[in-house]
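A short write-up of the structure that comes next.
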Amino acid sequence: QKEVEQNSGPLSVPEGAIASLNCTYSDRVSQSFFWYRQYSGKSPELIMSIYSNGDKEDGRFTAQLNKASQYVSLLIRDSQPSDSATYLCAVVPYNTDKLIFGTGTRLQVFP
Amino acid sequence: DVKVTQSSRYLVKRTGEKVFLECVQDMDHENMFWYRQDPGLGLRLIYFSYDVKMKEKGDIPEGYSVSREKKERFSLILESASTNQTSMYLCASSQQGTGANVLTFGAGSRLTVL
């Protein structure tokens, strides 16, 4: 089992809809969780971090963490075509301080 | 406003050549990283450094070495390039402490080995 798993997509949603991106991880005691966004041909950039169970909101973005289920998600409300990108989930396992990245989910928002 | 600069955007090299990829950051970050990114495999850590003259192996260090003689500069070296090292190489930096996993990436260097 990969340490961080994401559906590669593409996930296609219409403009204005909620996009839901999911990520599961294998290390039960992972402590820190991150979402990076990568536009085509560009480098990744951090958009959200979450450390404790529950929801964390930042503008149109909400990160959700459920450590018991080893699951972290990213919701994008009122999706825009400019949100079309690959979203990378990253986890820091307990026994290391290195980020482990998933392979990313490609999101397409169509007008 | 460029904060992490990678010296070459595109490189084409021949098998067996020595390749240098340079990365410079102007944010006074302690931590620097080299990743490669391949379709279906995601971002994989090659080497990282938490201080000048310090280096640690990541998940896929074979065939690579690094150098960090100055805080702002972290170089990736392919001693003898092979075709399976054709990839996108991304340099990143971060602060120590609570910001250690907030990575700022460079624009990437796309290497093709023929």
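Quick caveat, the model's predicted, so the values are computed rather than measured. The chains referred to below are lettered A, B, ... by the order of the sequence lines, with proteins before strands, and numbering in each begins at 1.
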| message | Could you check, using the six-membered ring where one of them is a Trp, whether Tyr25(A) and Phe33(A) have ring centers closer than 6.0 angstrom? | response |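 Yes: the rings meet the under 6.0 Å criterion.
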| How far apart are the closest heavy atoms of Gln6(B) and Tyr89(B), and which atoms are they? |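 So the two residues come closest at NE2-O, 3.1 Å.
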| field | Met32(B) versus Cys91(B), closest heavy-atom pair with distance | value |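 For Met32(B) and Cys91(B), the tightest heavy-atom pair comes out as CE-SG, 4.1 Å.
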| said: Show, in sequence, the C-alpha distance, side-chain angles and deciding distance for Phe34(A) and Val91(A), and conclude whether the side chain to side chain contact (heavy atoms under 4.5 Å, CB included) test is met. | reply: CA-CA 6 Å; Phe34(A) 304 85; Val91(A) 173; over 6 Å; no
| field | Phe48(B) portion near chain A, given a 4.5 angstrom heavy-atom threshold | value |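 Side chain only.
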| What part of Gln38(A) lies closer than 4.5 angstrom to a heavy atom of chain B: side chain, backbone, both or neither? |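 Only the side chain of Gln38(A) comes within 4.5 Å of chain B.
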| Heavy-atom contacts under 4.5 Å, residues 72-83 of chain B to chain A |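 So far as heavy atoms go, nothing in residues 72-83 of chain B approaches chain A to under 4.5 Å.
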| task | Could you list which of residues 102-114 of chain B have a heavy atom closer than 4.5 Å to any heavy atom of chain A, in residue-number order? | result |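 Listed by number, the contacting residues are Val102(B), Leu103(B), Phe105(B), Gly106(B), Ala107(B).
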| field | ring-ring contact (aromatic ring centres under 6.0 Å, His included) involving Tyr39(A) - partner list, sequence neighbours excluded | value |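 With neighbours one apart ignored, the set is empty.
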| Full working for side chain to side chain donor-acceptor pair (under 3.5 Å) between Ser73(A) and Asn22(A) | CA-CA 4 Å; Ser73(A) 64; Asn22(A) 303 316; 4.6 Å; no
| query | Between the side chain of Gln85(B) and the main-chain N/O of Gly63(B), is any donor-acceptor distance below 3.5 Å? | reply |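 Yes, the answer is positive, given that a donor and an acceptor are paired below the 3.5 Å cut-off.
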| task | Return yes if some donor-acceptor pair links the side-chain N/O of Gln80(A) with the main-chain N/O of Asp78(A) below 3.5 Å, else return no. | result |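 Flag set: sc Gln80(A) to bb Asp78(A) pair under 3.5 Å.
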| request: Give a yes or no on whether a salt bridge exists between Asp51(B) and Lys53(B), defined as a side-chain N under 4.0 angstrom from a carboxylate O. | output: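 Salt bridge absent between Asp51(B) and Lys53(B).
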| said: Evaluate Arg106(A) against Thr86(A) for side chain to side chain donor-acceptor pair (under 3.5 Å), listing each step before the verdict. | reply: CA-CA 4 Å; Arg106(A) 188 158 63 96; Thr86(A) 296; 5.4 Å; no
| said: With chain A as the partner, which of Asn101(B), Asn31(B), Leu43(B), Asp59(B) has the greatest number of non-hydrogen pairs under 4.5 Å? | reply: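 Of Asn101(B), Asn31(B), Leu43(B), Asp59(B), Asn101(B) has the most heavy-atom pairs under 4.5 Å with chain A.
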| request: Test Val109(A) against every option in Pro14(A), Ser82(A), Ser79(A), Ser12(A) by the side-chain contact (heavy atoms from CB on, under 4.5 Å) rule and name the one that passes. | output: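 Exactly one pass, corresponding to Ser79(A).
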| message | Taking 4.5 Å as the heavy-atom cut-off, does anything in residues 43-61 of chain A contact chain B, and if so which residues? | response |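 Hits under 4.5 Å: Ser43(A), Pro44(A), Leu46(A).
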| Got a sec: does the CZ of Arg14(B) have more than 12 other heavy atoms crowding it under 6.0 Å? |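 No, the 6.0 Å shell around CZ holds no more than 12 heavy atoms from other groups.
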